[in-house]
Amino acid sequence: MFSSFRQSMAWLHTWFGLTLGFILMVVFFFGSLSVFDREIDRWSIPESRFEPQVMPSFDEMLLPILRSVEPEVQDYNTNMPLLHDLSQGPMTPRTELPADEFWAYTTHRDPVLIMGVGFLVPQPLDPEGHNHIHGNITIDPRTGKAFPDDQLKIGSRFFYPMHYSLNWNWNRIGIYIVGIAAFIMMAALVSGVIIHRKRFREFFTFRPNKQTQRSVLDLHNLTGMVALPFHFFFTFTGLLIFASFYFFPVTHTQLEPLHDYHEMVEASETGLPHKRAGVPTEIASVDAMVAKAKQRWAEKDMAGEVGFLKITHVDDANSFVSIYRAGSDRVALVGEGMHFNASTGELIREEPPRSAVSEINEFLTGLHLQHFEHWLLRWLYVFGGLVGAICIATGFIFFVEKRKRQHTLQGSSGSQVVDALAVTTVTGMLVATVSMLVANRLLPAEMVGKGYWEQVVFWGSWSVMLLHAFWRSSAVRHMHISPAWREQSILFAVLAIAAVILNWITTGDHLLKTVFHYWPVAGVDLSLLVSSAIAIYAAVYLKKRENVAVNKAIEFSAQKLEASRG
Amino acid sequence: MVEVVCWIAAIFTTMMGMASLSLSLPNHWRQVTGIETSQPTPSQQNALRIFGYLSLFVSLVLCLAADHPTMAVLVWVMLLALAAKGVAMILTWREHWLKPLLLMFSRTGLN
């Protein structure tokens, strides 16, 4: 089929890149936003605009709140019928499920505290399984007041899941699609280097004044190559983070007995009970255990705060408390776990120093999940992600530029469709994102289902951009630049400025104030303004190029006319 | 504060390293001299490469001075990408910025 290895690589790179590139574009862009997901949360929920707090007293504040949490209605309705064994009797009513697991999680960037309860299904179909119905709550750790459920944390609960699952949760299909796209990304990187290996001699080349096809390819190669280590490592570690998930079906089907056996062996080795004893007991002072854990970390010369706290088998004789250190000062994730007997408070187990393999694993996953505190590295990651986005977008444009003449002559609409889809995933995605932020500021805070409507605005405006892109794409057939690029850039610029102004009007937090007092919000506002300026520049530039393209198009149609006359 | 100084110095040295590596490539050397036929001599090429890699190494040391080693390596790798992109942009729109560097090496290697 192909006369050379390089040709076959080019085929792979072109067609897989084209089909999954649209997904990768979403992954790269929302990945870049996720670097600052907590900051976007602050922007979207003005009540949470205060400084990050350390974990408050568990005994006095958290435990009573956890006791008051109820199982989520939706989770109960969906999963209870699947987990409960009807032959043992009717389903336990939602509010009567006993709590089995408590957890609380905070980071150095989170003013709010996220907590959750895992409720036990008393008569499960599969007693060995993970029979939990969940209930979550977000509180203000200064007062213990809960944040309303309707407020969507746009950064960490919408943009971030967009990055790894496209927010498509039906059978977790989104996660699999992103996984396949990531796998193709690895192939695209390798094949790309093979196709363009000659480029290494002109590594730093970008010639914007050459014809579009040439300069776009320059930019594609340049952005692909300069950030090659970033692209490779992030794709690889992204796959690594989800590796256990992708192989999940195996451990819970064919290898199920082995999996269960492993859990039991692990329980006997660590001394952490695998199952409930069935004997009810009281919880001792967790604050005392936290103090002990902190003291132990200090002794090991790694004094720190609590990042994650979990109580397993709540109110049972086998209950234990696990306390993990917040890993804000290094790449690896929360760790140095200490496990205490919940009723006596004595230390059961201190996690031993990690083995080399697990340390490498934690480093690799940690470098992707970035729980550390390092503003420079965070911005460098944003840079890497956006460079990746440029690389993908220029790939689409190159595809169109290379083929549009030929497609037009053949009467095919291929490049027209690709161009419209490229508009949708580049400028259309930006418009959808910023529309969501505008909606967040316009919809009243006390509105019922506010988070739902914000998502409706996001998907709705994205769909409109798709229609707009297709409507305007006929220009491509006439060898013009589709005006949709320019029009959506302008729309984005206007909306981005509107978002900043609306933030000022609705919260009183204008830039002059936030720059000095509250960087998370100032950062979001400034990024919006800078993006808006770039979009305006792009629109002006595109207008110029469109005019040039019109002249060329006239030439082209003259040629075509001549050709048809013979 | 010390780490911020180290980072700024690291950004500068990585840019310097990438710039000098770019000049070691005949295409980019021509771009900066502006003379179609000019080319770095093999000894100039070597000098540029050695200086380039040395600068990158210095920037790694600066990163290590600022952060925990695991973090420093990540910062350094990302700075390499940033600097490469930055040098490419300079070569496109402000190639004369690299003239001083070029002069430094064209003198050493010139007969």
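Naming: A, B, ... by sequence-line order, numbering from 1 per chain.
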How many angstroms lie between atom [atom1] of [X] and atom [atom2] of [Y], to the nearest 0.5 angstrom?
X	Y	atom1	atom2	result
B/Trp7	A/Leu377	CH2	CG	9.0 Å
B/Met78	A/Arg378	CE	CZ	13.0 Å
A/Leu376	B/Cys6	CG	SG	11.5 Å

| note | Ranking A/Phe206, A/Phe200, A/Phe372 by heavy-atom pairs under 4.5 Å to chain B gives rank one to A/Phe206
| field | Top contributor to chain B contacts, counting heavy-atom pairs under 4.5 Å, from A/Val387, A/Leu380, A/Asn209 | value | A/Leu380
| message | Run the side-chain contact (heavy atoms from CB on, under 4.5 Å) test on B/Thr92 and A/Arg207 for me, step by step, so that the C-alpha distance in whole Å, both residues' side-chain angles and the decisive distance to 0.1 Å come before the verdict. | response | CA-CA 7 Å; B/Thr92 305; A/Arg207 292 158 291 186; over 6 Å; no
| said: Suppose a student defines contact as a heavy atom less than 4.5 Å from any heavy atom of chain A. Which residues in residues 80-90 of chain B would they list? | reply: B/Ala81, B/Leu82, B/Ala84, B/Lys85, B/Val87, B/Ala88, B/Met89
| request: Heavy-atom distances under 4.5 Å only: say whether B/Leu74 touches chain A with side chain, backbone, both or neither. | output: both
| At a heavy-atom separation under 4.5 Å, does A/Trp379 approach chain B through its side chain, its backbone, both, or neither? | neither
| note | Closest non-hydrogen atoms of A/Phe204 and B/His28, given as atom of the first, atom of the second and distance, are N-NE2, 3.1 Å
| message | Just so I know, are the side chains of A/Phe230 and B/Val77 near enough to count as touching, which here means a heavy-atom distance under 4.5 Å? | response | no
| said: Under the criterion side-chain contact (heavy atoms from CB on, under 4.5 Å), I'd like the reasoning laid out for B/Leu25 against A/Phe203: C-alpha separation, chi angles, the key distance, then a yes or no. | reply: CA-CA 8 Å; B/Leu25 300 168; A/Phe203 193 84; 4.2 Å; yes
| message | As a quick check of understanding, evaluate side-chain contact (heavy atoms from CB on, under 4.5 Å) for B/Val75 and A/His374, giving each step before the final call. | response | CA-CA 10 Å; B/Val75 174; A/His374 198 302; 3.7 Å; yes
| Residue by residue, which of residues 210-225 of chain A have a heavy atom closer than 4.5 Å to a heavy atom belonging to chain B? | A/Leu219, A/Leu222, A/Thr223
| message | Can you confirm whether B/Phe12 is buried at CZ, in the sense that more than 12 heavy atoms of other residues, nucleotides or ligands lie under 6.0 Å from that atom? | response | no
